[in-house]
Each structure stands twice: as structure tokens, then as C-alpha cells.
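Note that the structure is a prediction, hence the values are computed from the model and not measured. Protein chains get the first letters and strands the later ones, always in sequence-line order, with residue 1 at the start of each.
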Amino acid sequence: MNISYEGSISFTQFINEQSEVVNPLPEWALVDKVLVHYYQQMVIARQFDNKAIALQRTGQLGTYASSAGCEAIDIVIASLMHKEDVLVPYYRNHAMQMVRGMKLSEILLYWGGDERGNSSPAQREDFPNCVPIATQCLHACGIASAIKIRNQQRATVSILGDGATSKGDFMEALNVAGVWQLPVVFIINNNQWAISVPRALQSIAPTLAQKALAAGIRGEQVDGNDVVALHQSVEQALQRAREGKGPTLIEAVSYRLSDHTTADDATRYRHPDALKMGWDKEPIKRLRNYLHGQGWWHESDETQWLQHSSALIQDAVDQYLDTPPQPVSSMFDYLYAELPLQLKKQREAAISRSEKEASS
Amino acid sequence: MNISYEGSISFTQFINEQSEVVNPLPEWALVDKVLVHYYQQMVIARQFDNKAIALQRTGQLGTYASSAGCEAIDIVIASLMHKEDVLVPYYRNHAMQMVRGMKLSEILLYWGGDERGNSSPAQREDFPNCVPIATQCLHACGIASAIKIRNQQRATVSILGDGATSKGDFMEALNVAGVWQLPVVFIINNNQWAISVPRALQSIAPTLAQKALAAGIRGEQVDGNDVVALHQSVEQALQRAREGKGPTLIEAVSYRLSDHTTADDATRYRHPDALKMGWDKEPIKRLRNYLHGQGWWHESDETQWLQHSSALIQDAVDQYLDTPPQPVSSMFDYLYAELPLQLKKQREAAISRSEKEASS
Amino acid sequence: MSGQEAICMVEAINLALHHAMRNDNDVIVLGEDVGTNGGVFRATVGLKENFGIKRVMDTPLAENMIAGLSIGMAAQGLKPIAEIQFMGFIFPAMEHIVCHAARLRNRTRGRLSCPLVIRAPYGGGIHAPEHHSESTEAIFAQIPGLRVVIPSSPQRAYGLLLSAIQNPDPVIFLEPKRIYRSQNQIVEDNGHTLPLDTCFTLREGNDISLISWGSMIKETLEAASLLAEEGIQCEVIDVATMNPLDRETILASVGKTGRCVIIQEAPLNCSVGSEIASILACEALLDLRAPIARVGGYDTVMPYFRLENQYMPQTDQIIDAAKRTMEFD
Amino acid sequence: MSGQEAICMVEAINLALHHAMRNDNDVIVLGEDVGTNGGVFRATVGLKENFGIKRVMDTPLAENMIAGLSIGMAAQGLKPIAEIQFMGFIFPAMEHIVCHAARLRNRTRGRLSCPLVIRAPYGGGIHAPEHHSESTEAIFAQIPGLRVVIPSSPQRAYGLLLSAIQNPDPVIFLEPKRIYRSQNQIVEDNGHTLPLDTCFTLREGNDISLISWGSMIKETLEAASLLAEEGIQCEVIDVATMNPLDRETILASVGKTGRCVIIQEAPLNCSVGSEIASILACEALLDLRAPIARVGGYDTVMPYFRLENQYMPQTDQIIDAAKRTMEFD
Ligand SMILES: Cc1ncc(C[n+]2csc(CCOP(=O)(O)OP(=O)(O)O)c2C)c(N)n1
Ligand SMILES: Cc1ncc(C[n+]2csc(CCOP(=O)(O)OP(=O)(O)O)c2C)c(N)n1
Ligand SMILES: [Mg+2]
Ligand SMILES: [Mg+2]
């Protein structure tokens, strides 16, 4: 018996849930700038989230997927991406989209049931939210293939949930990313739940990162509530991708602090103690305590920042609520580059039906 | 940085391609009985294969997928399976089907374009040949789930090609087999080719067995041309499955000695040297040399056995060629347990159309 | 649920699932969130508690896997009821449905079979996100070897689902989620089944046949009532089983009325409505006293929910179509 | 290939692929065995040698992956031509085709688009194994956002495929493999395209319209010739594009002839033929002087090849149907 393969997965953490430094910090994290920036962005994301849920509860928004608990993941990754890199998100990445430059009002538009929430100029070549689980991973590989074919120095980033790791798409994506050495970084937001199904029922494997081993690519686990760990891993993975050194899978271990979406009621399946443990580890408090300890962030900063972000968000909400709906014709106008004749007729019919309704 | 997971894959070989013993043989392999039996079965399989190809070349059989090169894999596994275990094959496992009790004439019927080749009484609960790549792996998991739900002591065996390991089905199957600890054994017949696509283009991973690591299950590599290595690994995996100890993935490293099927011409994409290396490693010659060396098999045995198997195969061919086609009504008779009215009418129409044709 | 108080469709489905699991140990339920959570629409609530996790399985997240597993289970004689959380997520399962579930019996000349039910909520109107509102029943209705069933009331949901579970072949059971909770009926939990090859005539009338199914039955019946006030007597047919289609009931009705409107939520192109119109054009041309009219979804992608009501067929469209058809001479 | 000697359909496809790759660096080809092997039907022969492995990619074995990759590539402005080895193996790709390829433009209000061609040989008649003989074009024809195209001659294959490649939206291009090599035509390699929304009238006639597509065009033209000998002048229409359907040509022809037979290899139920019959029943009822007749595959699974000729529609069935339709008064 010979050993024909050996592989392993590491776990990285710098700042633990008691906000203690457990590994020597990298240079950039020895000064306030980046960490404070991450903190500020996370706060906006959390506030935006609360606002969106409130809007949904009052019938002003559709079903909404909270990002509470994955702010660190989203903010750090999106911050490290270059403009010309491509983001291929799933449906829980508003915070990424915000950092990528989408207006908060545009993000609300999406969750308000309006396709224009996918057509922000700031999205450039980024993909829109992806609802069919794990399919985005293959789109990312296609984008990365195009980048490779054209010899560009860009990275593609795809993010998915722990549940999504069970779907063939994800594993096919890892495999082709490996064999074609594609410039792509896969991030698992392992928030421990796929709606009501706990992580343990998705796979018996102790880590999700080890799925990389199947594909012969780099895989690692990081503390998804620790911005420093995230930054270190993601930065390196992005750089490798841009330099043509191949793909990376990063499992970011987090916890879903909210219901799955506003259509869900997690108390049906989740013990309050589990949720409490999640809150003990969450990224914002952890970083705030650390920043406080370093003297980089004070109560007064907090108050000011909360005010600033509230105003920002309220503006976005106003803008969202003031956006008139798309015309009925929009159901047809983007289906094909050139609308077939029969659909032109249906388009006319739809318009006159809505005019009739409006006038009656 | 901590290590959160480590895994490895072993490679097992007992009798190498020079027919030398490279690891201490297990007890059962120290006497002639089982090895001679394996040898004899492999010879029948190879002869059957040659005959089937000849039939195809003369228009008496449809497209045929040769088993040349995977006889050891098929014969050993099927021999170790219990009658009440369930086989879920792909399309290259005639030798397994033969050992499981199917008549060679029934096997020919399948390749002659007749569904009755899937309805041998000997197949019991075994699945028929599976053409859509890798889908059989999930059927095996379903069967294994039923076995587990019913607390039975049976194993399910599913086999697939190296190309098939790239398809989501396979990876989804490994994953659910792991998380539900299903009584299933997956065997990869890694014959180095998926039609024209070489193994290296399927995955950058050095082994295919390491796909097991993704799912957190046992995985190993064996020499698929070495009946002893196969026997040892498969026996253990089957036993574990029957005892409720969970699934195993075995990558059996072999070489496809033939064209992909009779519809293929491998000279278009395969270098003759590569093929020659395949023939150097092939299982039948390797075992024959070993048996000769042990004095367990002589030229006279060979001559006699070839005669015996030729006769056997010729009988099967005669029986196959004598089998009248199914009636036209058979297109309808098995579609539903109870045929819907409209299909009854179509059935009548088909019958009268064929009667009309027959009489004209 | 005692069966004595009026219940809604999703409760009737839950009742039928309980009934089937109680009466047949081979019936099992699997899918995403069907266990502890009781299904995102609560259709499987209570099953895990009553029948245990061996028979009510929360699966990993992979529809292809759910279908493939179910086929293996069914071949072993279990009767799996697989839930696809929304019909928009059934596509990963297509290969297993088309190539295996629908063919296992035929392929093995009856040696193996596939007594499988795949349940999926379908259709729009609940302001759901993208992919949660499609009506793609026609894709499945055309697959030889499947049955495709759509209930339109709590009672029919109960009886049809029980039939589907008992049926020895694979059944795609599509649930119009918009009316999951919109109508209450007394549903006796008596195990009575309804046939899987028969249309239901919900209202008799001599002037015009309104042929519909699923969630559009509501609007169709409304239209029939309103038309009756104007003296037009509609016959309302609930197709209920898309495959095999009960041509006889449809032909008889149009034979009587000579006029017909087909109403569906799905886009029109290559749909079940196309097939019905085609049957009439081939087999009842002389009965037709007016062109067939069709009311359905536009042949475009279901818009995000802010415009979905502009997409979905409404009662007044049915009335208009029926009147135009009546005016024709 | 010089374009000056007569070539068969698969050669015409190869010619079009070469033309497109030569003239547009963004055109790439991917699939199983498309590179070194030149495709199992030789459709992609020579491409790898001429354009290199960066543009002609042998993929790992996973149709879902092929489709998903292609969408990402297309969104980046490449024009991927993905081969699905046989149409029977397209189902793993369904989710990406339906949920993404067909919707990317609509979903992003035109910000992203998906100029993708998926080629797949379809249909029976070559004595192939199971799953190698299906005709399931209707499943795709009904998906809003796709185009579905089927050529029926070498020249049309060339012109339609070039159009499909240039088209800014996803096109499912289905190749009737039974006639891949059965007919030779001079095909000028001049880059001329054919429209993707237009039926071709292959033969004019006043008595009856024979409407067909793909491999059945051969039998339909045969039937038309034989019927002409008996004095029945058929108009033969090659539908060519299943979606969007050119209703105008069909309506005009039946408007002229008043009689119609629809011929297809696919099963009848919920098919493109159903849609065509439905259009006639809704929009041309008064033109119809006889019931529509339909000739097609049975609504059962395509049998293994020993019986496949009993399954496939034959010329005499078309003749019978046309005669019955002519006799009707
Ligand atoms: C193919 C598919 N199947 C089912 C669903 C319904 N669904 C939406 S989210 C979800 C759970 C996803 O869990 P996970 O991947 O862990 O991501 P999370 O929402 O936890 O971030 C499910 C089952 C879907 N959107 N797509
Ligand atoms: C889903 C699917 N896609 C494509 C094919 C066509 N096809 C048949 S065999 C084959 C290659 C399979 O290679 P491998 O899995 O290595 O098995 P082998 O034939 O080498 O034993 C392909 C692509 C198929 N049968 N099913
Ligand atoms: Mg999750
Ligand atoms: Mg192989």
C-alpha cells in the first residue's frame, strides 16, 4: 500500500470572539485605517438590513434575505476586489453590492420586485443576484474562462452558502476551475443553516473547504467573523487568481443571525441557545471591541456614524419608494435583442390592457 | 493557523504488471481456487467481447461498448457480491452482469436494441445498463437508502467511468452517501479515457479517489488490473456496507484496450504507444502468467477453457439471433401499469400499421 | 385536523400525506426543509413528529439528488414523495425525471417500476422572488411515462394526491400555491381517491365551454358566474390531469357547446392549452361554431413581482374572450 | 472544403463553424470530444487544428457545467458554441438554459446578454443506443427567451447556423442526425445567413399544406411528389425556427389551401405541432375546409432500435393523412 495523495485544510483566525489577537497581525492591521473602514461599512450593512426588514414588515418590500452575520465576509471581499474583477454573488450579498458601488436604493429596488435592481451601472460586468442555488459558481467559471482566454489579469469571485455546497454545480465548478486553472475564488459563507437544514445534514465532512481537495485545488477555512483572517486569505487568493496561479476555495465560517428570509420563522427549527452563540461570535461587535481597545473608535464615533448611515439609508429608502414602477412594456422589452412579431402583438395587448385598467 | 482536516488516499497492488508479487498475498490467494475462477471468468468475458464486436461489424448487433481492460474489475466485484446485494451498473459491465447470472444471450439482446435485455430474471433487483452518465450513482444511493430504512444487511454497488466523475451526480451521490452513511460501494473504472478525452482533462487532482475526501467518506485507489488488490478492497468495502459502517469509494486504475464503442475510432486521438502500455498492464495476461508460474494453469487448461467458452458463447449467439423481435405493441405495454386511453388507441394504430406493412 | 372543519388546500395536502403515511409504511417523504420545518409552505407539518426521521427526510440541498435518490428508493418498492420546494427549482432534476423515472418500467419491461410522487408548488401571484412563480406544467405533460396532476380545490387536492401516491407510476403533482389558503372546504379524511385521468366538470352549461386547471379555476368560475348573470351559460371543466388528458370529457363538452375558451396561467406557446386546442382542431372541427379562444400568460418571462399582476390572466380577460366567442357566428 | 463540391449537412455545419471562427475571434467551441476527436459526428473536425485549444475546448464530462460555463463566457462577450453530444443528454443543462441563458438579458434589463449557441444532434433512425434518438424540441420551444432552430438541408444548416452564432441571444440549434449525410448540396462558403424567424416554403401548391421540419422534411417532400402524381398539389413548409414561430407564412398557406397536415418526428402531446394546430384553430378556423391532420411519433418512449422504424413516421402515413384530409368535404 502506497500513499498516492495527501491533503489538508487549515483554519485561520487572528482576532477571536473575545476580540483577542490570537495570531500575529499582518502589517496593514496594525494601524486603524482599514479596520475602521471595514467596521464602518459593516455598520451600514447591518443598519440597512434592519431597515429593509422593517420595510418588508410594513409591506413596502418583498421577501428579503438578511445579511446579518455575513457582513465581515461581504465587506472584506468586496473591498479587496478590483473594479475590473467580476463578482458573481448569490442572493445574500447586498453588502458586497454596496461596496461594489451599487446605490442602496437600487438594491432595494431588486427586493421590491423590480428588475432594475439588476441593472445598476455600478455593476459593470458583475452578475445579478442568483436565486437558483449554486448555479452562479459555474457562471463564475465561464467568466474566468473568458478572462483566461483573453489573457487578462482579473479575478472572478463567486460566493455561495453552506447548503449550496451539496449541489452538483458547485462541485462541477471546483473541478473545472482546477483542471483549467481558472482565475476564480470561491467563497462559502458557511452560516450553518440552509433555511431549516443545519450544516451537519449537508455533509458529514468536518469542513466544507475540503471539497477543494476533490478537485485538486487550494482550499482553506477562515473565521468568517474575523475581518483580518478574511482579508489575509482573500487577498492572497485574489492575487493568485489575477496572476494566473489558479483557483482557491475559502470556507468562511459564520453564523446566520436572522431568519433565512423574511418569509421564514427560524424559531420553528433553531434553538435560542444556538442563536445566542452566533451573536457571541458576530463580526461587528467583535471588531468594535477590538477598535475600542486600540483606541481607534469611540462612543462618539459610533453615534456619529450611526447618524450618518441612518441618513444615508433613509435617503435610499425615499429614493426607492419614489421610483415609479416600470411600464408594462418592460415585460417584453428585454427578452430578446429584437422582439419577435408575436411578442410585439402580446406587448401591444398588455399595454392596452393596462391602459384600460388604469382608466377604469 | 490550525489544521482542521487531513486526508489521504492509498494505492493497493499485490501482483504487478510483471506478474510479480509485490505485497504479501492474503490467505485466499495462496491457493488456486479463487484465482483460477477469476481467470476463467475473465477469459469468457474477453471472448464474449470479441464475438460481440464481430457481430456488430457484420450488422448483427448495434453499437457495442467493449469491456476489454475492465474484466478484472467487473469479475471480481460481481463475484464478491451477494445475490441479494444490488448492482447498479453503467453500460460497460457485461462481465458483471454475466457473473450476476444474466444469460449471454440476454446481454446480446440489449446491445441488439431490445429492451428485454434489461428484464432478465437473473437481474432480480439490479438496475439495467445506465446510459446517462453518472446518474446511476444516485439510484444506488436511493436503493441504499431503502436498504437502510428497512434495516437490511445488503450492499449496493455502483460503478462509473473516469469521465463520469466530473458530473455533479457522482459528487452529490458521494455526499449523500456520506451524510446518511449509506450501504453503498462506488467503483470508478478509471480506464483513462472518456471517449476521446483523457483522464488528465477531467480533473487536475492526482487521484479520482480523493473525491471521497470532499464527502468525508473512505476513498482508495487500487490497481484495477490486479484481481488480488481488487478483491481485498472490494471485499472489505462490501462488508462495511452490509454491516452499516458506511460507504466507500474505490478507484480502480485500468486501461481501455478497445475503442470507446464500436461507433468510435480511437486511432483518431490515441497514440499507439499509449495503447501498447495498456496492453502491457492488462489483467488477463498478468494473471495467466502468475497462474502459470504457480503451476495452477497449463497450456492444456487454456485450450480446453477456450473451447468451452467458445461453445458457450456460440450457443448464446445462436439463441440471440433466433429471438424474434418484440411485437409492436411492446412499445406501449410497459409505459404505464395501466395504459391510458389515448395510448390504447395509438397502440391499435401501431399494430394495424405494422400488420399492413407486413402484408404489403 | 379532524376532517370535520373546513380546511384549505395546503391543509388538505397535509391531511392526505398523513393518511398515506399512516396506512402504508412504504410511503416516505423527502426534500428540502420538509422535516423539522414542516415545509416552507407547511405542507409536511407534523409528519416528522408522527413518522420519524427515517420516513421524513431533510435532504442535502440538491434537486437532482432528490430525484435520483427517489428513483432508487421507488425501485426498491418504497413510495417516495419528494418535495421540490418551488417548481422553478425542478430543472436540476430533469434528467432523472425524463430519462429514468418516466422510463424505468418501460426500460425493464416491467421488472422494475417507479412509484414516485414529485410535489411542487407552482404559479405566481404571491409576490415571491424570481423563479418562485412559474407555470411550466407543459414541459412535464409531454414526457411519455409521467402523469401530471394539478388540483384546484382542497377536496380535489386530497383525493388526487392520495391517488398519486397509490399510483404505481411516477406522478408530478403540481400545487397552485396562490390558492393554497384561499378557499376552505370540509375534507373528510376517508382515504377516498379521485381518478388520475379524468377532467372534472365543475359547472354545466350549454353555451360555451371554459376549460382550465389549477389556480385559474378560481377566475374561470368567477367569470362563469358573471357571464351567467348576462345569460351566458358556461360549462366549466377542470382538466386536473394534464397527462393523460381526458379528451372525451373535453370533446363531449365542446360537442355540446360548440364554443370554447381555454384558460391557463402558463405561457401559451407549446402548452397544455395548445394540445387541447389541437385536439379540438383535429377531432372536433365540425363541432366548432367559433374559433377557439385562449387566455393565458404572455410568452415572456414572468416579471418580478411588482408587475406580476399585469402578467397573470384576470377574470375580465376570460369574460371578454367568452363574449367574443359567443358573438361569433 | 472549397464550397464548390456538394457536401452533406454535417459538412455544411463544419463549414459554418470554420467560417464563424475565422471571422470572429470571440467565437469559441466547447463540449465533450469536440477537440482532438472532432466531435462524435465529425461536426467540429479541424477546428482545434485551425484555431487552437484556447478556442476549441474539450470539457470535462458534465452538460450542466458546459451550459453554466457558456453563460459566463457569453456574458463576457464571447460567443460560445456548446455541443451537447446527443439531445438526450441535454437535460442536465436544463436549469442553466431555462433559468439563466434564456433570462440573462431580461433579468438585467439588457445590461448583460447571452449570445450562446447550443448545438445538439436529435432524432432517431440511426440504430443508436437508448437516449440517442429523442426529439424533444418542444420542451425548448416553449421557453421564453430562447430561439429554437432546426435545419433540414445542408444549405439551410449553413445559413441558419451562421445566423444562430451571430444572434445576440441564446439559440438552441438542433441537428437532425438521420439526415446528417443523406443529401449533398453545393454550399457556397460566403457567410450568407438565413433568418431565424421565418419558415421556408419548399414547394408551392394549392391543395393542401404539409407543415414539417427537420428530418421529416425528407419524407414530407417525398409524399408531396407522390401526391403530385395523383394530382394533389401540396405546399410544403419547413418551419425551421420553432421559436419564434413564423405564424404568418403558415396562416397564409393554410389560408390558401384550407387543408393541412402537420408532420413531426416528436411525440404529439404538447408539441410544436400542437402549437401550430392551435394557432390555426384560434386564428384561421374559417379557412379550414377539413380537420387538421397530424402525423408524428407516438406518445410513448422511443423504443430501442430494433423497433424504431415502427415508431418513426413514414412517408405512407403522410400520404394517407393528406388523402383523408383531401377527401373531407
Ligand atoms: C435550486 C434551488 N433549490 C432550492 C431553492 C430554495 N432555497 C432558497 S435558499 C435555500 C437555502 C440555501 O442555503 P445556503 O446555501 O446555506 O445559503 P444561505 O441562504 O444560508 O445563505 C433554499 C433551499 C433555490 N433557491 N434554488
Ligand atoms: C449525460 C451524458 N452525456 C454524454 C454522454 C455520451 N457519452 C457516452 S460514454 C461517454 C464517455 C464516458 O466516459 P467514462 O465515464 O470514462 O466511461 P468509459 O466509457 O470510459 O468506461 C460519453 C461522453 C452520455 N452517455 N451521457
Ligand atoms: Mg447557509
Ligand atoms: Mg473512461
Q: When you look at NZ of A/Lys344, are more than 12 heavy atoms from neighbouring residues, nucleotides or ligands closer to it than 6.0 Å?
A: yes

Q: Which atoms of D/Arg247 are under 4.5 Å from chain A, going by heavy atoms: the side chain, the backbone, both sets, or neither?
A: side chain

Q: Between D/Asn243 and chain A, which part of the residue has a heavy atom less than 4.5 Å away: side chain, backbone, both or neither?
A: side chain

Q: Using a cut-off of under 4.5 Å for heavy-atom pairs, which of A/Arg150, A/Glu338, A/Gln136, A/Met331 has the most such pairs with chain D?
A: A/Arg150

Q: Give the minimum heavy-atom separation between D/Thr108 and A/Pro128, together with the two atoms involved.
A: CG2-CG, 3.7 Å

Q: What pair of heavy atoms forms the shortest contact from D/Pro60 to A/Asn175, and how long is it?
A: CB-ND2, 4.1 Å

Q: Checking heavy atoms, do the side chain of A/Asp333, its backbone, both or neither come under 4.5 Å from chain D?
A: neither

Q: Please identify, among A/Cys137, A/Ala337, A/Pro340, A/Ala144, the residue contributing the most non-hydrogen atom pairs under 4.5 Å to chain D.
A: A/Ala337

Q: Can you find a heavy atom in the side chain of D/Cys99 that is under 4.5 Å from one in the side chain of A/Thr135?
A: no

Q: Mind ranking D/Ile71, D/Ile28, D/Asn64, D/Leu78 by heavy-atom pairs under 4.5 Å with chain A and telling me who comes out on top?
A: D/Asn64

Q: For A/Phe127, which atoms come within 4.5 Å of any heavy atom of chain D: side chain, backbone, both, or neither?
A: both

Q: Select, from A/Lys148, A/Arg124, A/Gln123, the one with the greatest count of heavy-atom pairs under 4.5 Å involving chain D.
A: A/Gln123

Q: Rounded to the nearest 0.5 Å, how far apart are CG of D/Leu69 and CH2 of A/Trp180?
A: 5.5 Å

Q: How about NZ on D/Lys54, more than 12 heavy atoms from neighbouring residues, nucleotides or ligands closer than 6.0 Å, or not?
A: yes

Q: Pick from D/Arg55, D/His96, D/Met73: which one has the most heavy-atom pairs with chain A under 4.5 Å?
A: D/His96

Q: Give, as side chain, backbone, both or neither, the part of A/Ser120 having an atom under 4.5 angstrom from any heavy atom of chain D.
A: backbone

Q: Considering only heavy atoms, which portion of A/Leu341 lies under 4.5 Å from any heavy atom of chain D: side chain, backbone, both, or neither?
A: side chain

Q: Please report the interatomic distance CG(D/Leu245) to CD(A/Gln342), rounded to the nearest 0.5 Å.
A: 9.0 Å

Q: Are D/His100 and A/Pro132 side-chain neighbours, meaning at least one heavy-atom pair lies under 4.5 Å?
A: yes

Q: I need the D/Leu104 CG to A/His139 NE2 distance, nearest 0.5 Å.
A: 8.0 Å

Q: Relative to chain D, which segment of A/Val86 carries a heavy atom at a distance below 4.5 Å: side chain, backbone, both, or neither?
A: side chain

Q: So with a 6.0 Å cut-off around NZ of A/Lys103, is the heavy-atom count from everything else above 12?
A: no

Q: Where does A/Cys130 contact chain D at under 4.5 Å (heavy atoms): side chain, backbone, both or neither?
A: side chain

Q: Does D/Arg109 use its side chain to pair, donor to acceptor, with the backbone of A/Ser330 at less than 3.5 Å?
A: yes

Q: Relative to chain A, which segment of D/Gln76 carries a heavy atom at a distance below 4.5 Å: side chain, backbone, both, or neither?
A: both

Q: What part of A/Glu125 is in contact with chain D, defined as an atom under 4.5 angstrom from a non-hydrogen atom: side chain, backbone, both or neither?
A: both

Q: As an exercise: rank A/Leu343, A/Val179, A/Asp169 by heavy-atom pairs under 4.5 Å with chain D and give me the winner.
A: A/Asp169

Q: Atom CG of A/Asp126 and atom CZ of D/Arg111: how far apart are they, to the nearest 0.5 Å?
A: 7.0 Å

Q: Tell me, side chain or backbone of D/Ser70 under 4.5 Å from chain A's heavy atoms, or both, or neither?
A: neither

Q: Checking D/Ser113 against chain A: side chain, backbone, both or neither under 4.5 Å from a heavy atom?
A: neither

Q: Just give me the residue among D/Asp246, D/Asp197, D/Leu146 that pairs up with chain A most often, heavy atom to heavy atom, under 4.5 Å.
A: D/Leu146

Q: Got D/Arg107 and A/Val131 here, is their nearest side-chain heavy-atom distance under 4.5 Å?
A: no

Q: Go through the atoms of D/Asp26 and report whether side chain, backbone, both or neither lie under 4.5 Å from a heavy atom of chain A.
A: side chain

Q: Could you look at A/Gln326 and say if it's the side chain, the backbone, both or neither that has a heavy atom under 4.5 Å from chain D?
A: side chain

